[in-house]
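Read the numbers this way: they start at 1 and go in the same order the structure lists the ligands and their atoms.
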Amino acid sequence: MAKPNALSLYQKVELQRPLQRALDATIFFLLLALLGYRLLLVRTHGLCWLYAIAFLCESWFAFFWALTANLTWTPVHYQTYPQHLLKRVEELPRVDVFITTADPGLEPPIITINTVLSLLAVEYPANKLACYVSDDGCSPLTYYSLSEALKFAKIWVPFCKNYRVEVRAPFRYFSDDLSSAGSPEFQYEWRRMKDAYDALNQRIEDAAKSFTFGDLAGDLADFSNTKPKNHAPIIKVIWENKEGIEDELPHLIYVSREKRPNITHHNKAGAMNVLTRVSGLMTNASYMMNLDCDMFVNNPDVILQAMCLFKDPINGEYAFVQFPQCFYNGLQDDPFANQWIIMMQVKMRGLAGIQGPAYMGTGCIHRRKVLYGQSPNEANINEKYYDDELYKTFGNSKDFVTSATRVLRSVEDYPNCLADTIKATHEVATADYEHNSCWGSKVGWQYGSIVEDVLTGMLIHKKGWKSAYLTPTPPAFLGCASSGGPIPLNHHKRGITGLLETLISKNSPIVTALSDKLQFRQRMFYLWIYLASVQAIPRICYALLPAFCLIANFHFLPKVQEPVICIPLLLSVLFVLRQMLGYIETDQSIRAWWNNHRMDMIKSMCSCLLGVVAVLLKIVGLSETTFEVTKKESASSSDDTESSDRDLGRFTFDESPMFVPITTVMMIQLAALAIGFLGTQPGRREFGVGEVTCSVWLVLCFWPILKGMFAKGSYGLPWSTLFKSSALAFLFVYLCRMSTK
Ligand SMILES: O=c1ccn([C@@H]2O[C@H](COP(=O)(O)OP(=O)(O)O[C@H]3O[C@H](CO)[C@@H](O)[C@H](O)[C@H]3O)[C@@H](O)[C@H]2O)c(=O)[nH]1
Ligand SMILES: [Mn+2]
């Protein structure tokens, strides 16, 4: 590792994890040994379907293990030195920031404006920033909230900078009472800010109650008689930093793209592409950062941190710098496994040591030219771009094509007077602007999957670009993790559906293996993430094997007296140890490990399976996959709803078909254990210790489901689910018994 020189902006540190590597390799060889044992069995006992299924599932697990171990084989950590960059402030490039919101009901405007406020207050020259808020809900309430937030920003931003406030999202900042901390002057200011924020909150709440969505006057007239899915584009400059003053506020622009019922809008990817074009016409910064509406800036230095990586040429250009997704509303020991700590702190760091982290949809800064389709080898070459090709690629706006050409030629652009560009921005925000252009395929955020982020990032990596991963302390951004109940499972199902869509599309990393520039191990990562979606099938099959054996008096695992039993035994122990190690490494509890393991099993049998079904339905043309926006808890309501407090950490259920497979598997395990222990299976009974252990382990994993079988209300599984699952479980037991006759 080279020593940083006095002016270097960052350092890439390789992390050593010899113990983890040794465990990963041992587990892999044990899996191979298990497969060898299966093959020997076939030689001695002949082929039987029970062993065949076990062999297939175990081959899958071995293959998947290799993919998983690949991820964390060579982790790296980036150390940045923003203080060195501060000596070159004049060189800092301009950044356009995009914040997306889609539904004022599911994403209360108070959350969105907190994100906006935290962004307006970042430590970066205000004249080099512009904040664009995309509102797919076309909501006058969102617009009103933003314009009210601007008034508050005028006192909030100077306050944050004066007192070097750390957390600049007011709802989080005011959750600690600092009224008697610091100097009297600070106390006075703190109180003033708090009162102003409370008043802002109140105005928004009042507006939410009193707005009538028909004829609107004044500033809101544009929203008159609009429907969220049927309206003309609305683009409004809420604030313009006209003189380009460094310590004023950055530009703030509201964008609601045109929507028409008969024209597909491509969900978030569509919104991002409109923002790209609108900002291209207004400010055309060379860097674009994007945030989901609930992901506020938690570390005011984030943009500076990212610039350390972009500005330092020693390692070649990075296409994007991704920050982890972290959440502020984590429950103790992560009962719903929605904090993603292992993914963010271990797996993504591992990826950073290959070609780079995946793009995760939020908390990321891209070079604009990368999204305009440029490859690394074309970078900075002043090539000749032909006009007609440019129009075919970027659509028919002359102004936009001019701005795009400057980006492709790496010519730094100067911001326009925003008011002068409004007319042109309307043109690029129409619903049919992208017809016969390359938006969503060759340029911009990609269409074709509801997980547009992984897909968009993959296409960038396929061109040969690298990306970087930064994990500053305090965390760069914090968002709202979906709480308990069916919501996270639906959220997971949506993810699985989108990933699977990509796996079977023309963009699949398998299909393009010969023609793209993905590094081999990066391709293994993309396979890992896409194939995680089909994990459900081998897992369910494997979960049914011990139950079948207990019911029908067979064995699929070696008996205790056979020496080979040590293979599955050692495998299980090492596997658990390996997983726990990750939790210890990231300062989490053993309980958190158990919760995550349990949720992983539950998810693969609920949401994963349903995701697979959704894609199958799409293939046969029976339904389209949909992007359901996740509900975000209102920032101000967290402490006044009793019911949500009671829900904390407890599972809730609904009528969703998602719960049928898992309840069935649970019932089958119970039936199998009962039959196994009561010895009612045909023939002489031999106690299968391995099978019983597997079954008991599954019951423990699915404990919340077992509780749901007996609980009432939303904590209980609905009758219809119980009924369907009992019927299926009964059928399974019956078939098992039949097979032995
Ligand atoms: O038609 C739409 C649908 C969604 N959104 C926005 O997209 C963001 C993400 O939606 P959310 O429901 O919060 O999804 P999550 O699963 O939490 O989001 C993760 O997964 C998405 C799909 O992979 C990524 O786009 C996100 O950035 C990533 O945080 C939110 O800001 C929405 O407002 C839109 O702007 N328009
Ligand atoms: Mn989200």
Side-chain angles (χ1 to χ4, degrees), residues 97-109 111-116 119 132-139 142 228-229 254-259 263-276 288-296 320 322-329 338-340 343-344 357-366 429 431 440 444-458 477-483 487-502 529-530 533 607 611 624-633:
V97 184
F98 305 155
I99 295 173
T100 48
T101 179
D103 183 325
L106 296 171
E107 305 178 328
I111 291 187
T112 310
I113 64 160
N114 265 282
T115 303
V116 170
L119 182 92
Y132 295 83
V133 180
S134 154
D135 177 19
D136 266 351
C138 187
S139 150
T142 302
K229 295 210 164 109
Y254 172 91
V255 179
S256 184
R257 58 186 168 137
E258 182 182 33
K259 290 258 184 84
I263 305 181
T264 46
H265 59 74
H266 300 291
N267 310 310
K268 178 176 170 196
M272 293 303 296
N273 286 337
V274 171
L275 286 173
T276 307
M288 308 191 284
M289 169 157 112
N290 85 280
L291 300 178
D292 287 352
C293 61
D294 58 321
M295 280 278 166
F296 65 82
F320 59 87
Q322 174 71 57
F323 292 90
Q325 285 203 33
C326 306
F327 304 95
Y328 57 82
N329 56 341
N338 57 4
Q339 300 297 308
W340 303 351
M343 183 70 185
M344 296 301 152
Y359 165 48
M360 292 187 279
T362 175
C364 185
I365 306 191
H366 285 92
W445 271 257
Q446 297 297 309
Y447 300 152
S449 162
I450 45 177
V451 178
E452 82 300 327
D453 46 0
V454 179
L455 176 59
T456 305
M458 181 178 71
F477 304 98
L478 291 181
C480 172
S482 49
S483 54
I487 299 173
L489 293 173
N490 277 321
H491 183 226
H492 184 242
K493 180 198 144 202
R494 193 189 79 200
I496 290 295
T497 315
L499 292 172
L500 203 52
E501 273 176 324
T502 309
I529 193 161
Y530 294 134
S533 52
S607 32
E624 266 303 318
T625 50
T626 48
F627 192 119
E628 290 157 38
V629 175
T630 318
K631 179 162 174 45
K632 280 118 195 144
E633 299 307 333

Q: Using the rule given for side-chain hydrogen bond (donor to acceptor under 3.5 Å, both in side chains), can you reason through Tyr328 versus Asp294, listing the C-alpha separation, both sets of side-chain angles and the distance that settles it, and then say yes or no?
A: CA-CA 10 Å; Tyr328 57 82; Asp294 58 321; over 6 Å; no
Q: Between Tyr254 and Ser256, does the side chain to side chain contact (heavy atoms under 4.5 Å, CB included) criterion hold? Intermediate values first, please.
A: CA-CA 7 Å; Tyr254 172 91; Ser256 184; 3.7 Å; yes
Q: Side chain of Glu501, backbone of Ile496: donor and acceptor closer than 3.5 Å?
A: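 No, because the side chain of Glu501 does not come within donor-acceptor range (under 3.5 Å) of the backbone of Ile496.
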Q: Check the angle between the aromatic planes of Phe320 and His366 and answer parallel, tilted or perpendicular using the 30° and 60° thresholds.
A: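 The rings of Phe320 and His366 sit tilted, inter-plane angle from 30° to 60°.
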Q: Look at the rings of Phe327 and Trp340 and say which category their plane angle falls in: under 30° parallel, 30 to 60° tilted, over 60° perpendicular.
A: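 The arrangement is perpendicular - the two ring planes meet at more than 60°.
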Q: Can you name the residues that come within less than 4.0 Å of ligand 1, going by heavy atoms only?
A: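 Correct list: Thr100, Thr101, Ala102, Glu107, Asp136, Asn267, Lys268, Asp292, Cys293, Gln325, Met360, Gly361, Thr362, Ile450, Val451, Glu452, Asp453, His491, Arg494, Phe627, Val629, Thr630, Lys632.
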Q: Asp103: which residues meet the side-chain contact (heavy atoms from CB on, under 4.5 Å) condition with it, sequence neighbours left out?
A: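 Listed in chain order: Leu106.
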